[in-house]
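Beneath this line is the structure, given in structure tokens, with notes to follow.
Each chain gets a letter, A, B and so on, in the order the sequences are listed, and its residues count up from 1. Side-chain atoms are counted along with the backbone in the values below, which use heavy atoms only and exclude waters and symmetry mates.
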Amino acid sequence: MLRAAFFYSKGGNSMLDIKKLRENTEYMIELLNRRGGDFSYLNEVLAQDERRRKIITEVEKIKAQRNEISKKIGQYKREKKDVSEILAQVDNIGADLKSKEQELKQIDEYIKDQLLNTPNLPHPNIPVGKDEEGNVELRKVGEPRVFDFEPKAHWDLGTDLDILDFERAAKITGSRFTVYKGLGARLERVLINWMSDLHAHEHGYTEIIPPYIVNGDSMLATGQFPKFKDDAFKVMDDRDLYLNPTAEVPTINMHRNETLKGEELPIKYTAFTTAFRQEAGSAGRDTRGIIRQHQFNKVELIKFTKPENSDKELEEMLMHSSKVLDLLELPYRVVTLCTGDLGFSMRKTYDLEVWLPSYNTYREVASISNAEDFQARRANIKFKRDKDSKPEFVHTLNGSALAVGRTVVAILENNQQIDGTIVIPKVLVPYMRTEIIK
RNA sequence: GGAGGAAUACCCAAGUCUGGCUGAAGGGACUGGUCUUGAAAACCAGCAGGCGGGAAACCGCGCGGGGGUUCGAAUCCCUCUUCCUCCGCCA
């Protein structure tokens with residue numbers, strides 16, 4: 001009970017595998033350092049871990065002793081024998097135990113705190129770099145269109161066509177919110193439908209619409225918490241609730257504290273959610289338009305796989321995400337994130353970046369990642385290969401497919417015509433019931 | 001929002017009032033066996049799973065979560081969560 005209390009409601013697993021850390025300390029610290037920062041504090045964590053194990057041994061010894069005496073007391077009472085002598089024996093045990101447990105609790109909390117704030121190990125083969133400058137382009141697909149007129153930015157296109165309304169959104173809520181109107185609203189909705197259809201029907205994912213409010217345990221399990229609490233919208237309520245920041249959180253947590261059957265893996269979900277983010281660290285960035293909003297829609301792919309398959313499943317997921325841009329005939333590129341740009345929970349990430357004429361650059365529309373067992377440890381998600389085999393942690397993967405708002409931006413900007421009208425991508429015409437937004 | 005009830009191992013379920021041979025009765029399912037030409041039925045046997053400490057022996061923890069009382073808690077106290085029934089309200 002003690003263990004479970006400190007690490008997680010059930011399971012008692014740490015985030016990084018502390019046993020592996022014990023055995024490969026230098027190597028793991030070196031890998032983590034590639035993210036930027038100094039992770040040598042893990043040496044101290046290990047020292048504390050050693051002390052922790054020593055105290056555990058002591059505490060358990062006392063408990064064994066106490067259990068034995070208690071059992072004897074029970075026996076004596078049943079036999080109506082005098083118990084006062086044994087009772088005296090046990091007098092100081094309580095105090096001794098209490099102080100040792102207190103010490104243990106402190107150490108546990110220290111270790112837990114350190115480990116919860118330590119990110120996943122970057123994959124050893126990904127490029128080492130400081131920030132997004134270090135990301136490596138894998139391939140480019142399609143050619144950025146050459147305009148014979150000055151292309152407009154999506155906020156001008158959207159406002160002129162009366163399909164995006166920023167001023168009224170500001171009136172309703174504030175900055176970084178948008179009202180979609182008319183064919184703008186329809187385009188957003190159609191993209192959600194079409195993307196979900198593609199993944200559900202063509203790619204074999206099961207559709208999920210999860211709750212859009214999640215609890216703190218869920219946020220901890222997928223790695224948003226404790227480190228990135230400021231990015232979340234807290235629900236003003238006496239419960240520990242937050243607005244969904246990405247479908248990865250509710251969808252991975254569907255299986256928190258579960259042991260899955262080997263034969264049901266891989267589990268593949270496509271989840272549609274509205275995501276909410278504070279964007280606390282991006283004040284002043286992308287203030288115009290709908291690139292960076294507090295609220296945006298996203299179709300997400302989530303997989304639970306066996307460890308030996310997660311690499312190939314990541315490649316497959318990348319293909320599934322890319323397929324969306326292929327079919328929309330939007331020019332994009334695929335990059336591998338370098339160690340410095342990698343998200344907290346992830347070992348390896350590909351970004352899809354779509355060409356945006358008004359920015360004259362590629363901008364992220366999807367992020368496809370393999371967390372391997374990092375989230376599975378935090379969330380305590382395991383599987384059994386066979387009925388009799390030992391449970392092992394699954395690997396979790398997630399990828400946008402795609403961020404809907406940014407896809408709208410890409411369509412508006414890339415498909416604009418000189419008169420400010422927008423040509424609808426062929427695949428969407430049956431859904432849109434029009435070939436043009438004018 | 002109001003009033004009640006419940007949460008026990010894969011499933012059902014006893015135990016909770018009256019704390020101690022309950023590391024958890026009894027079914028069902030499952031696994032193995034007997035019988036059978038084969039199967040069903042019947043009968044016999046096995047059966048928490050897991051986490052942690054340890055080289056191992058073995059030990060510690062587990063009755064929704066957390067905390068407390070006690071030498072000792074499934075059983076007593078506090079707290080949270082979830083589910084069910086009724087009333088009210090509501091898409």
Side-chain angles (χ1 to χ4, degrees), chain A residues 1-23 46 48-109 111-112 115 209 211-221 235 237-242 253-264 373 376-394:
Chain A
M1 190 184 286
L2 214 61
R3 297 285 70 60
F6 294 126
F7 281 129
Y8 217 42
S9 48
K10 273 213 169 130
N13 304 293
S14 49
M15 322 60 235
L16 281 176
D17 188 343
I18 197 149
K19 283 182 184 160
K20 278 193 185 136
L21 183 62
R22 256 180 240 149
E23 287 156 21
L46 280 178
Q48 291 299 316
D49 175 58
E50 203 166 322
R51 225 177 115 219
R52 169 176 163 268
R53 276 144 62 214
K54 206 179 132 224
I55 298 174
I56 286 174
T57 307
E58 290 170 15
V59 164
E60 291 188 349
K61 216 164 121 190
I62 298 173
K63 282 192 174 176
Q65 213 174 65
R66 188 195 62 186
N67 287 348
E68 207 172 316
I69 294 173
S70 295
K71 216 176 221 172
K72 208 189 273 180
I73 293 175
Q75 205 178 318
Y76 274 39
K77 284 224 165 166
R78 254 175 278 118
E79 294 167 7
K80 307 250 196 276
K81 286 201 227 167
D82 181 42
V83 131
S84 54
E85 207 169 298
I86 323 178
L87 228 42
Q89 277 178 42
V90 94
D91 235 17
N92 46 1
I93 281 188
D96 196 17
L97 190 62
K98 207 161 214 169
S99 78
K100 285 214 160 70
E101 280 189 325
Q102 205 112 51
E103 194 181 356
L104 184 59
K105 187 171 174 172
Q106 268 177 10
I107 295 174
D108 266 335
E109 250 154 29
I111 294 174
K112 184 190 93 170
L115 290 181
I209 300 178
Y212 294 176
I213 293 179
V214 299
N215 59 34
D217 283 348
S218 294
M219 295 287 268
L220 190 80
V235 175
D237 179 278
D238 48 10
R239 288 116 100 203
D240 187 29
L241 300 177
Y242 307 85
N253 276 286
M254 280 176 62
H255 294 297
R256 174 148 47 90
N257 288 331
E258 288 185 17
T259 301
L260 307 163
K261 292 191 189 109
E263 62 264 28
E264 60 187 334
D373 66 358
R377 283 178 185 285
R378 290 182 163 234
N380 190 32
I381 305 171
K382 300 184 172 180
F383 77 102
K384 281 186 175 181
R385 290 179 189 277
D386 300 296
K387 208 169 88 33
D388 301 315
S389 42
K390 267 194 104 61
E392 301 168 53
F393 288 111
V394 299

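Taking only side-chain nitrogens and oxygens, A:Lys384 never comes nearer than 4.0 Å to OP1 or OP2 of B:G49. Contact annotation: A:Arg53 does not reach the phosphate of B:G52 (side-chain N/O to OP1 or OP2, under 4.0 Å).
Atom C1' of B:A48 sits at a distance of 34 Å from the matching atom of B:U36, rounded to the whole Å. A gap of 25 Å separates the P atoms of B:A74 and B:U82, to the nearest Å. With C1' as the reference atom, B:C77 and B:G26 are 31 Å apart, rounded to whole Å. Of the C1' atoms belonging to B:U81 and B:C12, the separation is 24 Å, rounded to the nearest Å. As rounded to the nearest Å, B:G27 and B:U8 have C1' atoms that lie 15 Å from one another. Taking the C1' atoms as reference points, B:A24 lies 15 Å from B:G19, given to the whole Å. Taking atom P on both B:A25 and B:C47, the two are 11 Å apart, rounded to the nearest angstrom. Using P as the reference atom, B:C10 and B:G65 are 13 Å apart when rounded to the nearest Å.
Considering only side-chain atoms of A:Arg239, the nucleotide from B:G50, B:G54, B:U81 that sits closest is B:U81.
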Expected rows: protein N/O vs nucleotides 28-32 of chain B N/O, under 3.5 Å:
none

Extract from the structure each pairing of a protein N or O with an N or O of nucleotides 69-73 of chain B at less than 3.5 Å, listing the distance.
residue	atom	partner	partner atom	Å
B:C71	O2'	A:Ser70	OG	3.0
B:G72	O4'	A:Ser70	OG	3.0

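Atoms NZ (A:Lys105) and P (B:G68) sit 6 Å apart, rounded to a whole Å. Between the NZ atom of A:Lys19 and the P atom of B:A55 there is a distance of 11 Å, rounded to whole Å. The distance between atom CD of A:Glu101 and atom C1' of B:G66, rounded to the nearest whole Å, is 15 Å. For the pair A:Ile55 CD1 and B:G54 P, the computed distance is 13 Å after rounding to whole Å. Put simply, CD1 on A:Ile111 is 13 Å from C1' on B:G53, counting in whole angstrom units. For the pair A:Glu392 CD and B:G50 C1', the computed distance is 15 Å after rounding to whole Å. For the pair A:Asp49 CG and B:G54 C1', the computed distance is 14 Å after rounding to whole Å. Atoms NZ (A:Lys61) and P (B:C59) sit 15 Å apart, rounded to a whole Å.
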Give the intermediate values and the outcome of side-chain hydrogen bond (donor to acceptor under 3.5 Å, both in side chains) for residues A:Asn215 and A:Asp240. CA-CA 6 Å; A:Asn215 59 34; A:Asp240 187 29; over 6 Å; no
Stepwise, does the side-chain hydrogen bond (donor to acceptor under 3.5 Å, both in side chains) test hold for A:Ser70 with A:Asn67? CA-CA 5 Å; A:Ser70 295; A:Asn67 287 348; 5.5 Å; no
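At a cut-off of 3.5 angstrom, counting only N and O atoms as typed in the model, there is no donor on one side facing an acceptor on the other between the side-chain of A:Gln75 and the base of B:G20.
Other residues, nucleotides and ligands contribute only 12 or fewer heavy atoms inside 6.0 Å of the CD atom of A:Glu50. Residue-environment remark: CD (A:Glu68) stays at or below the threshold of 12 foreign heavy atoms within 6.0 Å.
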Using Watson-Crick and G-U wobble pairs with both distances under 3.5 Å, what is the 5'-to-3' dot-bracket string of RNA chain B, with [ ] for crossing pairs and | for pairs outside the strand? ((((((((.[[[..)....(.....]]].(((((.......)))))...((((....))))..[[[[[..)....]]]]])))))))....
